[in-house]
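Just so you know, ligand 1 is whichever comes first in the structure, and atom 1 is the first atom listed for that ligand. What you see below is based on every heavy atom in this structure, not just the backbone, and it leaves out hydrogens, waters and symmetry mates. Throughout, numbering of the chain's residues begins at 1 and tracks the sequence.
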Amino acid sequence: MSKNIVLIGFMGVGKGRTARTLAEKTGRFAVDCDDLIESFTNKKVKKVFAKFGESRFRELEREVALWLEKSVKNTVVSTGGGFLQVPNLSKIGTVIYLHADFDKILQSITKHPNAKKKIKKRPLLQDLDKARALLATRLPLYRAVADHEISVAGKSIEDVADEIYQLLS
Ligand code: S3P
């Protein structure tokens, strides 16, 4: 396995933690697209949304995607939930969609000890009805751009990372 692995999926499915676990298993680096945007702008994602708007954030995601395609190899990439909109996604690496339904995602976020913080930092999770509708809209799009889909509900991060590892080896 030497190609990049790109994890996509809705907010709260564990893309970042899965990426780090999978990176450790496969001897890759892990990078997170939101972290790249935060270091590039020197601002938290929430602040980028508030100050420049969502459309600027999406533009930054497209810039990050171009940089990843050009410059990054042998890496596990975790993405923000809306990263599926970048036009060159499949050129970055093998795309894995981590799926859970909205109630399961909400359950797992709210039982987390840092639940409040996890919700607060995500501008698109402030209105839960809107977030539910957003997942419904995105679901067919995630599926259309993914090479593989893994269901994560009820599984540990370790199990999900193992599943991806088996799938790709
Ligand atoms: C977003 C998801 C967030 C972050 C931003 C927008 C989205 O990332 O990129 O708040 O559009 O779904 P996570 O999926 O890591 O929460």
Side-chain angles (χ1 to χ4, degrees), residues 4-23 29-68 72 75-89 92-93 95-146 149-153 155 157 160-161 164:
N4 294 322
I5 302 168
V6 186
L7 305 185
I8 64 166
F10 204 64
M11 293 173 270
V13 293
K15 298 173 299 267
R17 285 174 299 152
T18 304
R20 291 190 293 275
T21 305
L22 188 59
F29 287 104
V31 298
D32 179 81
C33 295
D34 282 352
D35 287 350
L36 291 169
I37 289 174
E38 291 188 347
S39 58
F40 181 66
T41 58
N42 196 20
K43 286 177 183 57
K44 294 286 182 197
V45 165
K46 191 181 166 194
K47 185 86 185 198
V48 175
F49 266 71
K51 208 166 172 196
F52 307 119
E54 181 175 348
S55 61
R56 175 64 186 140
F57 179 77
R58 299 301 172 204
E59 217 170 79
L60 288 163
E61 286 189 314
R62 291 193 286 277
E63 284 177 36
V64 163
L66 290 173
W67 179 77
L68 289 168
V72 169
T75 294
V76 187
V77 179
S78 53
T79 63
F83 199 78
L84 79 166
Q85 53 97 23
V86 304
N88 63 329
L89 187 66
I92 300 172
V95 179
I96 314 281
Y97 167 50
L98 304 187
H99 175 73
D101 63 35
F102 190 75
D103 291 323
K104 285 275 166 17
I105 292 173
L106 209 54
Q107 237 175 49
S108 105
I109 293 179
T110 48
K111 77 169 189 220
H112 197 278
N114 276 338
K116 268 202 179 140
K117 204 171 152 201
K118 283 185 165 293
I119 294 175
K120 216 172 154 199
K121 74 171 194 177
R122 295 178 161 106
L124 300 181
L125 212 49
Q126 302 311 302
D127 178 329
L128 294 183
D129 289 336
K130 278 193 187 155
R132 185 186 294 276
L134 184 62
L135 175 54
T137 308
R138 281 183 182 168
L139 184 56
L141 308 175
Y142 285 131
R143 290 186 161 146
V145 295
E149 172 172 338
I150 307 253
S151 173
V152 303
K155 293 176 190 165
I157 295 291
V160 173
I164 300 170

### Message
Check this for me: does any side-chain nitrogen of one of Arg132 and Asp103 sit under 4.0 Å from a carboxylate oxygen of the other?
### Response
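So Arg132 pairs with Asp103 through a salt bridge.
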## Note on the structure
Rounding to 0.5 Å, atoms CZ (Arg138) and CD (Gln85) come to a distance of 9.0 Å
### Query
Rounded to the nearest 0.5 Å, how far does OG1 of Thr75 lie from CG of Leu68?
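OG1 of Thr75 is found 8.5 Å from CG of Leu68.
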Just list the N/O pairs, ligand 1 to protein, that are under 3.5 Å apart, with the distance for each.
residue, atom, partner, partner atom, Å
ligand 1, 8 (O), Asp34, OD2, 3.0
ligand 1, 9 (O), Asp34, OD1, 2.9
ligand 1, 9 (O), Asp34, OD2, 2.9
ligand 1, 11 (O), Arg58, NH1, 3.4
ligand 1, 11 (O), Arg58, NH2, 2.6
ligand 1, 11 (O), Gly82, N, 3.4
ligand 1, 11 (O), Arg138, NH2, 2.8
ligand 1, 12 (O), Gly82, N, 3.4
ligand 1, 12 (O), Arg138, NH1, 2.7
ligand 1, 14 (O), Lys15, NZ, 2.6
ligand 1, 14 (O), Gly81, N, 2.9
ligand 1, 16 (O), Arg122, NE, 2.5
ligand 1, 16 (O), Arg122, NH2, 3.3

### Task
Not counting sequence neighbours, list each pair that qualifies as a salt bridge (charged side-chain N to carboxylate O under 4.0 Å, His left out) and has a residue in residues 45-55.
Glu54-Arg58
### Summary
In short, Cys33 meets Gly80 closest at the heavy-atom pair CB-N, 4.4 Å
### Task
Heavy atoms only: give me the nearest Leu125-Ile119 pair and the separation to one decimal.
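Closest pair (atom of Leu125, atom of Ile119, distance): O-CG2, 3.9 Å.
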